[in-house]
Amino acid sequence: MQDFKKSVVYQIYPKSFLDTNGDGLGELRGVTQKLDYLKELGVDYIWLTPFFVSPQNDNGYDVADYRTIDPRYGTMEDFEELAQQANRRGIRLMLDMVFNHTSTEHIWFQKALAGDPVYQDYYIFRPARPDGSAPTNWQSKFGGSAWEYAPQVGKYYLHLFDKTQADLNWENPAVRREVQQIVRFWMDKGVKGFRFDVVNLISKGEYADDDQGDGRRFYTDGPRIHEFLQELNRESFGQDPEIVTVGEMSSTSMENCFRYAGADCGELSMVFSFHHLKVDFMGNEKWVIVPADFGRLKELLFSWQEGMAAHNAWNAVFWCNHDQPRVVSRFGDEGEYWKKSAKMLAGVIHGLRGTPYVYQGEELGMTNAGFTRLEQYRDVESLNHFQILRDKGLSEESVYNILKIHSRDNSRTPMQWTAGENGGFTTGTPWINVNPNTSRINAASQVEDPDSIFAYYKALIRLRKEYDVFAYGDFAPVDQKHPSVLAYRREYKGQSLLCVNNFYRAGCRWHCPMLLEGYRVLLSNYSDSTPAADWELRPYESVLLIRETDDS
Ligand code: TEU
């Protein structure tokens, strides 16, 4: 059985991975073609973002049919071929299940609109207020009201995301049974992993105005959430002990995550949380430009590491996904120290306690998109916020500057396979522009190069298999208050791992508070790192040290 603590997950956004038929969109066959690349990297699971039938208003997170593959991504035969080929290489598939909402094109919603009361109870329809306005003042995560009026029904329906993503009513046992059946359908196809999209938003509490915020306090980690997850576990994936699950937890609390991902809680294997990726927001406000708060980043990463360990709960550890800007652009350096900083950021994540997730292209040090015009953007959230920010009076230039930093499209540009045209992603016109720096940043030039970012990720993944301390070690911060160093220690049965990182482009001096006797360098982004009690760390220097004693 595959131990998820020793595993590494690779996330694929199929639309931007590899196009094999020249239509400008990637598809499942593209993934199958690149399995040897992934095998070379050494990953254990591939998480595929949704490829089900969908109008693609949110790139597949608006599912219209959970059991059928969108023809744009291929066929069920393509999926089976992918599963089989992956299995042959010891790689497992993790599917992305979006159960907080469906597309408004889903047959359930269509029946609801047509007046069928059975299906109206699948969603959250509420009457208008006496003045005709929306039932509450809740805001959609993509901007604007979270309620849309459906004239056919004479009521509003709730959509926490786009207005074509209607929230499901989990209070209705029939909805929960449908969801269980969908999970079992994919289990029957041999799927051994599931990611559950924004799953901590499924239990809505009271429908009341939020005088302090956008409404999230009423539906985040809601009143019946643990009950719902335990039931889903019992009735579906929990019946197969080989299945690994991860829940995407939006604005969650650590206390809830102790239960979502607690070893004996009967809910999920692990959780994604996002607090450490809001250190360059202003509170919850993403559409601003503020420098990243490094002290806060460490505080959040470390408190989650310690808290989850103390409660025997498991984290997914990551910087990147299809909703986040590229980490090398965000916390590293796109220029002179591109390679060094990308490796440093990799080292920080892979040394932590948790299952590391690598998002396609991260292992190559892919950077933000660099878009400068609205026509280049595709994401509904970016397009909505362009208008919202313009309506607030911001100049076009200021809005572009904000999008350039925070847009989700930064991570959605096509995978850079080669230095050639369109980075080898497509022979057609890509659905979203390829980053021109594919001439410099691409897989072809890195796979064979022992000094590449790719080689560094490969080494980190291999080390996790070789040294148990990566998977099972406990966690302790080291010199947490230092203004530019991020350092921590892991201990397991006579193995002691020390991870030391200079997070900045300026060199710095670091007094190591621990005795370094007996430690040797396991991996570093400089060829000549020399640990010392009084250590001069070079720009973005990152070192993993190990000490092994007899009882290991
Ligand atoms: O994302 C949920 C989510 O809350 C975000 O990370 C979201 O991108 C952010 O709030 C916007 O600022 C998940 C998916 O990962 C995302 O791609 C989907 O758009 C969203 O759910 C809706 O299904």
Side-chain angles (χ1 to χ4, degrees), residues 9 11-16 47-52 54-64 66 94-106 109 138-144 146 158-168 179 194-202 213-217 219-222 246-252 271-288 316 318-327 330 357 359-360 377-386 388-389 402-403 405-412 432:
V9 183
Q11 184 194 349
I12 291 182
Y13 202 64
K15 201 175 212 168
S16 296
W47 150 27
L48 295 156
T49 61
F51 47 72
F52 315 108
S54 155
Q56 302 285 319
N57 293 331
D58 189 19
N59 285 338
Y61 283 91
D62 44 334
V63 181
Y66 293 92
M94 178 184 267
L95 298 203
D96 203 327
M97 298 281 125
V98 188
F99 291 141
N100 175 68
H101 44 265
T102 72
S103 163
T104 49
E105 290 187 14
H106 196 288
F109 195 80
W138 299 0
Q139 294 294 297
S140 151
K141 307 248 182 206
F142 292 162
L158 181 69
H159 62 90
L160 295 181
F161 295 89
D162 185 53
K163 62 173 186 291
T164 64
Q165 293 167 300
D167 280 53
L168 283 166
V179 163
F194 294 102
R195 176 226 186 226
F196 293 104
D197 189 61
V198 288
V199 74
N200 68 324
L201 309 185
I202 58 177
D214 58 9
R216 70 182 68 189
R217 68 194 172 97
Y219 56 75
T220 303
D221 303 322
V246 56
E248 187 202 28
M249 304 303 174
S250 172
S251 301
T252 189
V271 283
F272 291 116
S273 65
F274 295 92
H275 300 283
H276 67 294
L277 296 176
K278 294 186 178 176
V279 295
D280 52 2
F281 288 16
M282 206 183 293
N284 280 324
E285 181 52 45
K286 160 169 168 176
W287 305 101
V288 287
F318 69 105
W319 293 125
C320 297
N321 67 28
H322 62 293
D323 298 330
Q324 299 292 329
R326 293 285 180 178
V327 71
R330 190 176 194 177
Y357 282 65
Y359 175 66
Q360 65 183 48
Y377 287 97
R378 296 286 176 272
D379 180 23
V380 54
E381 186 198 41
S382 297
L383 300 177
N384 286 352
H385 278 90
F386 180 84
I388 291 168
L389 295 170
I402 295 175
L403 287 186
I405 290 180
H406 289 297
S407 170
R408 304 195 298 180
D409 281 336
N410 280 313
S411 54
R412 299 177 180 183
I432 187 170

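When a ligand or atom number is given, it counts from 1 through the structure's own listing order. Start at 1 with the first residue, then count along the sequence.
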Is it the case that the side chains of N59 and Y13 hold a donor-acceptor pair, with the cut-off being a distance below 3.5 Å and no angle test?
yes
Counting each atom of ligand 1 from 1 as listed, which ones have a heavy atom of K286 under 4.0 Å away?
11 (C), 12 (O)
Can a non-hydrogen atom of Q324 be found less than 4.0 Å from any atom of ligand 1?
no
Would you mind reporting whether K15 and R378 have side-chain heavy atoms less than 4.5 Å apart?
no
Exactly one candidate in W319, Y359, W47, F196 meets ring pair (Phe, Tyr, Trp, His ring centres under 6.0 Å) with F272; the answer is W47
Minimum-distance protein heavy atom relative to atom 8 (O) of ligand 1
R408 NH1, 2.8 Å
Got the closest protein heavy atom to atom 2 (C) of ligand 1, with its distance?
V198 CG1, 3.2 Å
Do the side-chain N and O atoms of R330 and Q324 include a donor-acceptor pair separated by under 3.5 angstrom?
yes
Between H406 and F281, is the gap from one ring center to the other below 6.0 Å?
yes
Checking the N or O distance criterion of under 3.5 Å, is ligand 1 in contact with R195?
yes
Where is the nearest protein heavy atom to atom 18 (C) of ligand 1: which residue, which atom, and how far?
D58 OD2, 3.3 Å
D96 versus T49, side-chain donor and acceptor atoms under 3.5 Å:
no
So, S382 and D409: side-chain donor and acceptor under 3.5 Å apart, yes or no?
no
Counting heavy atoms only, name the option from H385, E381, K141 that's nearest to atom 12 (O) of ligand 1.
E381
Distance to 0.1 Å, residue and atom name: give those for the protein heavy atom nearest to atom 20 (C) of ligand 1.
F161 CE2, 3.8 Å
If only side-chain N and O atoms count, and only distance matters, is there a donor-acceptor pair under 3.5 Å linking Y377 with H385?
no
Backbone, side chain, both or neither: what part of F274 comes under 4.0 angstrom of ligand 1, heavy atoms only?
neither
Only heavy atoms of H101, strictly under 4.0 Å: list the atoms of ligand 1 that pass.
22 (C), 23 (O)
Considering non-hydrogen atoms of the protein only, which is the closest contact for atom 23 (O) of ligand 1, and what is the distance?
D197 OD2, 2.8 Å
What protein heavy atom sits nearest atom 5 (C) of ligand 1, and how far away is it?
D323 OD2, 3.8 Å
